Enquirer: 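Just passing along the structure, written as C-alpha cells.
Read the numbers this way: they start at 1 and go in the same order the structure lists the ligands and their atoms. If you're wondering where the values come from, they're calculated on a predicted model, not measured in any experiment.
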Amino acid sequence: MHYYSTRNKNENVTFADAALKGLAPDGGLYVPEEIPNYPPAVLASLASMDFNQIAFETVKPYVKDEISDSALSDIIKSAFNFTAPLIPVLDRYTSELFHGPTAAFKDFGARFMARAFSYLRRGEDRPLKILVATSGDTGGAVADGFFDVPGIYVTVLYPAGRVSALQEKQIAGLGKNITALAVEGSFDDCQFLVKKALADENLKKRMSLSSANSINISRLIPQAVYYSAAAAKAYNGLFDPDGEATPRSAGRAAFSHSLNSRKPVTLCVPSGNFGNLTAGLYAMKMGAPIKQFIAATNINKTVPDYLDSGEYLARISQATISNAMDVGAPSNFERMSAHFSWEEMRRIILGAAVSDEETKETITSIYEQAGYYLDPHSAVGWKGLDKLRVENKITEDVSIILCTAHPAKFSEIVEPLLGAVPVPVSLKNAMERKADSKRIPADVSALIDTLNESL
Ligand SMILES: *Cc1c(COP(=O)(O)O)cnc(C)c1O
C-alpha cells in the first residue's frame with residue numbers, strides 16, 4: 001500500500017515513510033491510496049473474532065508489504081493488552097475505550113505507533129528523537145506508548161501550570177527515555193517550538209527527529225479496529241459483561257439488554273481534531289456494519305457547521321469542560337475531505353454541538369438514571385445522540401457512544417456533580433508517580449540546548 005499527501009498525489013511514499021515523517025514535506029497529511037475491503041470471510045466472522053484478530057485483519061492490508069504477519073501479530077498483542085468492552089447502558093451501548101494505561105482512547109493509536117516505529121527502524125543505529133507538544137492527554141499517551149522502547153527518545157512539551165496534576169504525572173513521571181519539558185507559555189507556544197525544532201537543518205544533521213501528533217497515519221489506522229469490533233458485536237446483538245473497571249456506582253445490578261436487530265449501527269464520536277472519526281470512516285469503507293456517524297462536538301463546532309452549510313470556516317478554539325476537544329481548526333478535516341466530498345460526508349455524518357451546561361446535565365442525569373459515570377467528552381457524545389433523536393434526524397437506531405476517557409481522568413469536573421468517582425488501577429499508579437520535568441522558557445534555543453545536552 002502506498003500513501004500520498006493530501007496536497008500532492010505525486011508525493012507517494014511507503015507506510016514506513018509516511019509514519020516516520022508524520023507530515024508530508026508539502027505540509028499535507030498522508031492518506032492511503034485506497035481503503036481496502038475486508039475479505040467476505042473476514043466480514044462474516046468479525047463478531048466471533050477476538051479483538052486482536054480483528055486488529056490483525058484491519059491493519060494488515062495497510063502495512064502488508066512492510067510488516068510481516070508474525071511481526072504485526074506481535075505488535076498488536078503488545079499494543080492492545082487491554083480490553084474495549086461494549087456495554088449496554090439504558091437505550092444504547094457505550095464502547096469503553098479508556099481501559100488502557102492512560103485512561104483515554106489515545107492509548108490505542110499511541111501504543112501501536114510506538115511499536116510500529118520500533119519495528120520499522122530495526123537495524124538502524126542512530127537513535128530517534130520524537131518531539132510532542134501537548135495540552136494534556138496526547139503527551140501522556142505518547143509518553144506511555146514509547147516508554148522503554150529501545151532506540152527511541154521522546155521529549156514532551158507541555159504548558160507549565162496548565163495541565164492537571166494527574167496529566168503532569170502521566171507525562172513527567174516515567175523517566176528513562178521520556179523527557180518532560182514544562183514550557184513557560186501556552187500550548188500554542190509548545191506547538192510552535194516543536195515545529196521550529198523539526199525544521200532546524202543544523203539539528204537534523206545531528207539527530208533523527210520526528211513527531212508523534214495525531215495527524216500521524218500510524219496512529220490513525222489502528223483506531224479503525226475498535227469501530228469494526230464494536231459495530232460487529234452490536235449488529236449481532238452481542239455485548240460484554242461490565243467488569244470491575246466499568247465506571248458504575250457500587251451496588252448497581254449489571255447492565256443488560258439486547259438489541260439483536262441486524263441493523264447497521266450508528267456510532268457517535270466525541271470529536272476535536274477528528275482523527276478518531278476519520279478512523280471510523282475507514283472502518284465503514286472497509287465494510288464494517290456501520291450505517292452512519294455522529295460528529296459530536298462541544299461549542300467548537302467547525303465541522304457540524306460545515307456539514308450544515310458546505311462552508312469550512314476554521315476559527316480560534318474556545319475553552320470548555322471537554323478540553324481535549326477544544327479545537328477550532330481540526331487537522332484531520334483535510335484527510336476527511338481527501339476521501340469524501342461534502343455531499344458524501346452529509347450522507348454519513350450528522351453533526352451535533354453540545355454546550356458545557358448540557359454536558360454537565362447529561363453527566364448528572366445518566367448517573368441518576370443508570371448509576372453510570374460519563375466523563376465530559378463521552379457526555380458530549382451521549383447528548384449529541386439525544387439532540388438528533390429529538391430533531392427526528394435519527395430514528396430507530398442501534399447506537400453506540402464512543403467513551404473516549406475514563407471519568408476519573410476528569411474528576412475536577414465529574415466529582416463536584418456526582419461525588420467521588422471510582423479510580424481505575426492505571427490512574428492510581430500514575431498518581432503515585434513523582435513528576436520530574438525541566439522548566440524552559442518559550443524559546444526555541446532553550447529547546448535545542450536541551451536536545452543537544454541529551455545527545
Ligand atoms: C483527543 C480526545 C478527543 C478528540 O479526539 P479527536 O481524534 O481529536 O477528534 C476526545 N476525547 C478525549 C478524551 C480525547 O483525549
Side-chain angles (χ1 to χ4, degrees), residues 29 84 94-111 113 132-145 158 163-164 166-167 170-171 187 191 212-217 219-224 226-227 247 267-283 293-298 300-304 317 320-336 349 351-354 359 363 373-384 401-414 424 427:
L29 277 64
T94 62
S95 169
E96 295 182 350
L97 302 178
F98 47 67
H99 295 288
T102 72
F105 82 95
K106 290 188 172 75
D107 284 327
F108 286 93
R111 290 174 67 81
M113 172 172 63
V132 204
T134 185
S135 58
D137 263 4
T138 298
V142 170
D144 202 279
Y158 66 95
V163 302
S164 75
L166 171 63
Q167 285 172 328
Q170 288 181 325
I171 296 165
F187 167 60
Q191 226 169 0
N213 45 16
S214 75
I215 45 142
N216 196 300
I217 191 73
R219 261 180 77 176
L220 192 118
I221 289 169
Q223 292 181 177
Y226 48 73
Y227 284 92
L267 281 148
C268 182
V269 191
S271 295
N273 247 330
F274 279 79
N276 201 3
L277 197 137
T278 305
L281 294 171
Y282 284 21
F293 295 92
I294 300 170
T297 66
N298 55 34
N300 295 286
K301 57 189 181 74
T302 304
V303 171
S317 70
T320 74
I321 58 168
S322 47
N323 59 14
M325 312 198 305
D326 293 349
V327 181
S331 48
N332 276 289
F333 181 76
E334 187 165 332
R335 203 173 249 140
M336 290 163 73
I349 310 173
V354 174
T359 305
I363 293 172
Y373 296 89
L374 291 167
D375 99 288
H377 306 82
S378 312
V380 165
W382 190 291
K383 182 68 183 182
I401 312 296
L402 297 198
C403 289
T404 49
H406 193 286
K409 192 163 190 183
F410 293 92
S411 54
E412 332 73 80
I413 312 289
V414 181
L427 292 184

Enquirer: Would a 4.5 Å heavy-atom cut-off, applied to side chains only, mark L402 and L97 as touching?
Expert: yes
Enquirer: For atom 12 (C) of ligand 1, tell me which residue out of T404, L277, D326 has the closest non-hydrogen atom.
Expert: T404
Enquirer: Heavy atoms only: which of N298, N276, T278 lies closest to atom 7 (O) of ligand 1?
Expert: N276
Enquirer: Please write down residue, atom name and distance for the protein heavy atom closest to atom 4 (C) of ligand 1.
Expert: G272 N, 3.6 Å
Enquirer: Assess the residue pair T359 and H377 against the criterion (side chain to side chain contact (heavy atoms under 4.5 Å, CB included)); give the C-alpha distance rounded to whole Å, side-chain angles, the decisive distance to 0.1 Å, and a yes or no.
Expert: CA-CA 8 Å; T359 305; H377 306 82; over 6 Å; no
Enquirer: If the contact criterion is a heavy-atom separation under 4.0 Å, does F105 count as touching ligand 1?
Expert: yes
Enquirer: With no hydrogens and no angle check, is any side-chain donor or acceptor of N273 less than 3.5 Å from a backbone partner on G275?
Expert: no
Enquirer: Under 3.5 Å, side chain of S378 to main-chain N/O of L374, donor-acceptor pair present?
Expert: no
Enquirer: At less than 4.0 angstrom from any non-hydrogen atom of A405, what atoms of ligand 1 do you find?
Expert: 13 (C)
Enquirer: Can you list the atoms of ligand 1 that are under 4.0 Å from a heavy atom of G275?
Expert: 6 (P), 7 (O), 9 (O)
Enquirer: Measure N273 to ligand 1 on non-hydrogen atoms and call it side chain, backbone, both or neither using the 4.0 Å cut-off.
Expert: both
Enquirer: Strictly distance-based, threshold 3.5 Å: is any side-chain N or O of Y227 a donor or acceptor partner for the main-chain N or O of L281?
Expert: no
Enquirer: So, does T134 use its side chain to make a donor-acceptor pair with the main chain of Y158 at under 3.5 Å?
Expert: no
Enquirer: Under a 4.0 angstrom heavy-atom cut-off, which atoms of ligand 1 come close to D137?
Expert: 13 (C), 14 (C), 15 (O)
Enquirer: What part of K106, side chain, backbone, both or neither, has a heavy atom within less than 4.0 angstrom of ligand 1?
Expert: side chain
